[in-house]
Amino acid sequence: MSSKTLMVMKKIDELGDWRRTHYSVEITPRLENKRVTVFGWLASMREQGGIVFLILNDKDGMVQVTIHKDRAPNSILEKLKNLNEHSSIGVRGIVKSIKKAPRGAEIIPEEIRILSTTQRQPPFSLFGGKMPSIDKRLDIRVIDLRRPKAQSIFKIRHTVLKAIRDFLISKGYVEVSTPKIIATATEGGAALFPLLYYDKEAFLAQSPQLYKEQLVIPFEKVFEIGPIFRAEESRTLRHLSEVISIDVEEAFVSYEDTMKLIEQMIHHVTKTINDKCSEEMELLKHKLIIPKAPFKRLTYDYIIKMLEKEDVIVNWGEDLSTQALKILGEMLPEFYFITDWPTAIKPFYIKPKDGNQDICESFDFMHGSIELASGGSRVSSKRLLMKRLKEQGLKPKLFEYHLRIFDYGMPPHAGFGLGLERLMMVLTGQENIREVTMFPRDQFRLAP
RNA sequence: GCCUCGGUGGUGUAGCCCGGUCUAGCAUAGGACGCUGUCACCGUUCUGACCCGGGUUCAAAUCCCGGCCGAGGCGCCA
């Protein structure tokens, strides 16, 4: 047989009128003698003399299907010859309560329908063993996502997103959506992906920043959960070209209020995970401590002095290097804020401090060495905003559509943008951002 | 973008420094057979690999050059 492909023609059954009556984990001793129909994939097949154990796996878990060769109908024995790991199958049979089976119950099949078979040897087993390189796994990502660990990560992701939405909505924030195709107006910083918009040049949005600021005029408290695009040639375990950003913006508040909101939100999210995803966290072998508010607020000045004591020199006005962040991660293995950054290294829309224009009302929300979010009080004066644009080498003319709004009563406001993937890394203890992203996009990967 | 490292059966690896017993080892997966309670079953057995191209050499998985692909670090950035 060829090693690359298993080009054996297998007979495939039709789904027909079969519909699922139960998911795998619902098969328990309480269903004793009930006829059930389950669907899923064959996770393993073990022969033990005259008895064959099939493990059927669906989105919720696994169930054992047991075939006694001397008692089973011939049709089933025939099917066995065509089965291989990862085949998708349907099983109709009778539930038997038996202590020796996993979860105390198993299905004795009356009929099996093979709905698809595998044409290649899968690169890994759902039952562990050595993991292939992440590259190989990403090439067949949806198969990889059936691994229990991946399932756990994305169940947690689902829970996190719902918890964040529930929290923000309960606090009166309105969910908004802003355009991802934009004309110009880079905020500076991250590079943009250009694209052709009919006959014009356009770009993928690096952030909903300017739109969400404008939206505080009609809605006052807004949030958006959506993709942002960065054309940075970043080759690290914590950067992607496309990520989900959780953006919040609110009128008539300052960055102090925004930090408090983050504290409450993180508290709610961690509590929800511990309540609802304990099995998943256990499988990931990750302990999540529900953090107590308030989180530490350390000024940029304080941080660089702290680093100096560890012989890591950050010149005032510079961003923190990877090395500096690593040291910080060892000293502060928790959630904390770095506040009051130099104005020059923050975007033009961040408000300089009254009294000292060199620093601004800004914060980075951190966990250990990883930056999760950044935020701050925004500039609400048009004159100041134009001055700041020029200081950062940007042309006010390109921001005309944004600036004109400031002629119509732009209130003081503040907000933040938080990277969902980075939050997921922290919550699930993953070191590679690709593990918490279904279809990661980076400098080198554009498919699947 | 810069730097470093790597590419050996379906998968994970050993071998590479120091070229020749490499007919390429091991584990796992896959095929066949045996086994009536397995649960990463077990036992026997079989199958299956040196990224591509060029060079050096009597001899290349091993050394050199180019290409392709990948991983990590730094920078940028969130």
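Letters A, B, ... mirror the listed sequences (proteins, then strands); counts begin at 1. What's counted below: heavy atoms across the whole structure, side chains too, no hydrogens, waters or symmetry copies. Treat the numbers as computed from the prediction; the structure is a model and nothing was measured.
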Selection from B/U38, B/C76, B/U36 that lies nearest to any side-chain heavy atom of A/Asp70: B/U36
Value in whole Å for how far the C1' atom of B/G70 lies from CG of A/Asn432: 13 Å
Inter-nucleotide C1' distance (B/U8, B/C51), Å rounded: 10 Å
Ring geometry between A/Phe365 and A/Phe337 (parallel below 30°, tilted from 30 to 60°, perpendicular above 60°): tilted
Among B/U38, B/G1, B/U11, the one nearest A/Ala101 by side-chain distance: B/U38
Parallel, tilted or perpendicular, as decided by the 30° and 60° cut-offs, for the rings of A/His367 and A/Phe335: perpendicular
Pairing pattern in dot-bracket form [Watson-Crick, G-U; both distances under 3.5 Å; | = partner strand] for RNA chain B: (((((((..((((......[....)))).(((((.......)))))....(((((..]....))))))))))))....
Sugar-phosphate only, base, or nothing, as touched by A/Glu85 at under 4.0 Å among non-hydrogen atoms: sugar-phosphate
For atom CZ of A/Phe193 and atom C1' of B/C77, their distance in whole Å: 12 Å
Touch class at under 4.0 angstrom, heavy-atom based, for A/Pro102 against every strand present: base
Side-chain N or O of A/Gln443 closer than 4.0 Å to phosphate OP1/OP2 of B/G1: yes
Spacing of the P atoms in B/A27 and B/A71 (rounded, Å): 29 Å
Shortest side-chain distance from A/Lys136, nucleotide among B/U11, B/C76, B/C77: B/U11
Euclidean distance, atom CG of residue A/Asp135 to atom P of B/G6 [Å, nearest integer]: 18 Å
Touch class at under 4.0 angstrom, heavy-atom based, for A/Val243 against every strand present: base
A/Glu421 and A/Thr437: CA distance, side-chain angles, deciding distance, side-chain hydrogen bond (donor to acceptor under 3.5 Å, both in side chains) verdict: CA-CA 7 Å; A/Glu421 286 82 1; A/Thr437 310; 4.6 Å; no
A/Lys326 side-chain N/O to B/C74 phosphate OP1/OP2 under 4.0 Å: yes
Plane angle bin for A/Trp341 and A/Tyr300 - parallel if under 30°, tilted between 30 and 60°, otherwise perpendicular: tilted
hbond_proxy A/Ser234 side chain to B/C77 base (donor-acceptor, 3.5 Å cutoff): no
